[in-house]
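Here is how names work: the chains are called A, B, and so on, in the same order as the sequence lines, proteins then strands, and each is numbered from 1. No experiment lies behind these values; they were computed from the predicted model shown.
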Number of protein chains: 2
Amino acid sequence: MGLRELKMARTRRLISDKAFELFACNGYHRTTIEQIAAAAEVGPRTLYRYFPTKETLVIEFVQTSLFDALSDLHATPAPLPVALNTVIANVLRVMSTDPARVMAVYELAGTNASVRAQLADVLWQWRDNLAHEVEQLLDPPPCRMTAALTAAFAINIIETVVLAWVESRGQADMHTLANHAMTLLRNGNIPVPTEGQ
Amino acid sequence: MGLRELKMARTRRLISDKAFELFACNGYHRTTIEQIAAAAEVGPRTLYRYFPTKETLVIEFVQTSLFDALSDLHATPAPLPVALNTVIANVLRVMSTDPARVMAVYELAGTNASVRAQLADVLWQWRDNLAHEVEQLLDPPPCRMTAALTAAFAINIIETVVLAWVESRGQADMHTLANHAMTLLRNGNIPVPTEGQ
DNA sequence: AAAAATGTGGCAGTCACTGCCACGACCTCT
DNA sequence: AGAGGTCGTGGCAGTGACTGCCACATTTTT
């Protein structure tokens, strides 16, 4: 890695850290891009080259945690349920790397609508990608709806686990929570909508 | 209803219609609030009183379709699975009221990131509300995770059905699609993540 | 008909975000 | 090591979403 890349990686990290610092201190809305840029000692124009939108500053960690793990789906030639479990476990493992940041992200998502929207969008896109992968991976190929619901289950587990973890203020263990959620699913303990007679 | 309310309802509808017209014609991004306001013959400042953000113009119909149906959950004293089915059926029924608009919303969500994000956020909030309701409705009260997953299932069905309907270009029948999705769920035809041995 | 309530819209201002361009730091090739 | 090419940096001007404020007009109430 050249010096250039190194500096850029450092700058990126610095901007991100300063941003979270200011968000926690003054709130998301009350913090301007100019302030963040000043705190990181870069020009606003430069900041925008690293983070195209203000919300990106917040959700980037969650986004990369999700999408990095998605590539594991090709890597493991295991049967689908096991591969899905691996993907989910890896997402949660990477998130556990920086619990404070995950907590901060959800804190900000709770107080700011556009952050929450961007976060929701990342989950949406991830689910769509996963659905597409599932469709190609299964043999014989399932109907589109089956693939969509499979991907939905995966993101449901992740969302539910992370939310429960956030509600426990980081006390709970994500892996344990995930197993709990999957057990509930597998045992059919979740009420499914049914037609009345 | 007084004259004032009537006029406002008309203005609201007019703004919304003109907005969709312009979005379809020039694209979401290339259409400015000023243009929409001019087309609806109101001041921009007035438009903002009806629709606080540009995205609201797009997602309002879906939003009200979802949240109006949510109140049915209290109304029907049926067992939960049946009540959930009623809620879902009502959401889809109201959406079928104006298929062109639903199609337009998803068209715009596909091309514009912030619209998609706001749409995703609406679904997120709806799910959260439903989870809360489920928690209070069931006797004995389920653990939070069960409630969350139950609500997630409901929104999964709606999302999957609407997406499939959109992909069919409106040819399919939402009610039929919903029954298909629920059958898949009930019969355990969806691969659930599992720990490998 | 007068008075109170409330929707309308213009104006100025903030802030996220972009295209453009000159500058300078890094990298490559000899 | 030095010359030239590459590429990140950041300033400037501009667009457009959105807001607070205030005067005006229309509707509603008394």
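- Remark: C1' of dA17(D) and CG of L47(B) are 11 Å apart, rounded to the nearest angstrom.
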- Sugar-phosphate means primed atoms, P, OP1 and OP2; the rest is base. With that split, encode nucleotides 25-30 of chain C 5' to 3' as B, S or - using protein heavy atoms under 4.0 Å. BBS---
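- Spacing between atom CG of L6(B) and atom P of dG7(C) amounts to 14 Å, rounded to whole angstrom units.
- Ring geometry for F23(B) against Y28(B) counts as tilted: the plane angle lies between 30° and 60°, on a 0 to 90° scale.
- Computed from coordinates, the H29(A) NE2 to dG20(D) C1' distance equals 12 Å when rounded to whole Å.
- With hydrogens and angles ignored, the 3.5 Å screen pairs a side-chain donor or acceptor of T86(A) with a backbone N or O of V82(A).
- Between the side chain of T146(A) and the backbone N or O of P142(A) there is no donor-acceptor pair closer than 3.5 Å.
- Between dT8(C), dC18(D), dA16(C), one nucleotide has an atom nearer to the side chain of M8(B) than all others, and that is dT8(C).
- A close approach under 4.0 Å does not occur between any side-chain nitrogen or oxygen of Y48(B) and OP1 or OP2 of dG20(D).
- When rounded to the nearest whole Å, the span between CZ of R30(B) and C1' of dA17(D) equals 15 Å.
- Among the protein residues, F51(B) comes within range of no part of the nucleic acid, since none of its heavy atoms lies under 4.0 Å from any strand.
- At whole-Å resolution of the value, CG in L14(A) and P in dG8(D) are 18 Å apart.
- Out of dT18(C), dG20(D), dT9(D), the shortest distance to the side chain of R45(A) is found at dT18(C).
- Taking atom CD on Q118(A) and atom C1' on dC17(C), their separation rounds to 14 Å, with Å as the unit.
- For R116(A) and E55(A), the salt-bridge test fails: no basic side-chain N is under 4.0 Å from an acidic carboxylate O.
- Not a single donor-acceptor pair under 3.5 Å links the side chain of K54(A) to the backbone N or O of T32(A).
- Listed here is the closest heavy atom pair of Q118(A) and A117(B): NE2-CB, 3.8 Å.
- Put simply, CG on N26(B) is 16 Å from C1' on dG16(D), counting in whole angstrom units.
- The residue among P44(A) and T53(B) whose nearest nucleotide of DNA chain D lies closer to the 5′ end is P44(A).
- Nucleic acid contact for T11(B): none, since no nucleic acid atom lies under 4.0 Å from a heavy atom of the residue.
- Not one side-chain nitrogen or oxygen of T32(A) sits closer than 4.0 Å to the OP1 or OP2 atom of dC15(C).
- Atom CZ of R49(B) and atom C1' of dA25(D) are 13 Å apart (whole Å).
- Looking only at atom types and distance, the side chain of R101(B) has a donor-acceptor partner in the side chain of S16(B) under 3.5 Å away.
- Using a 4.0 Å heavy-atom cutoff across all strands shown, T31(A) reaches sugar-phosphate atoms only and no base atom.
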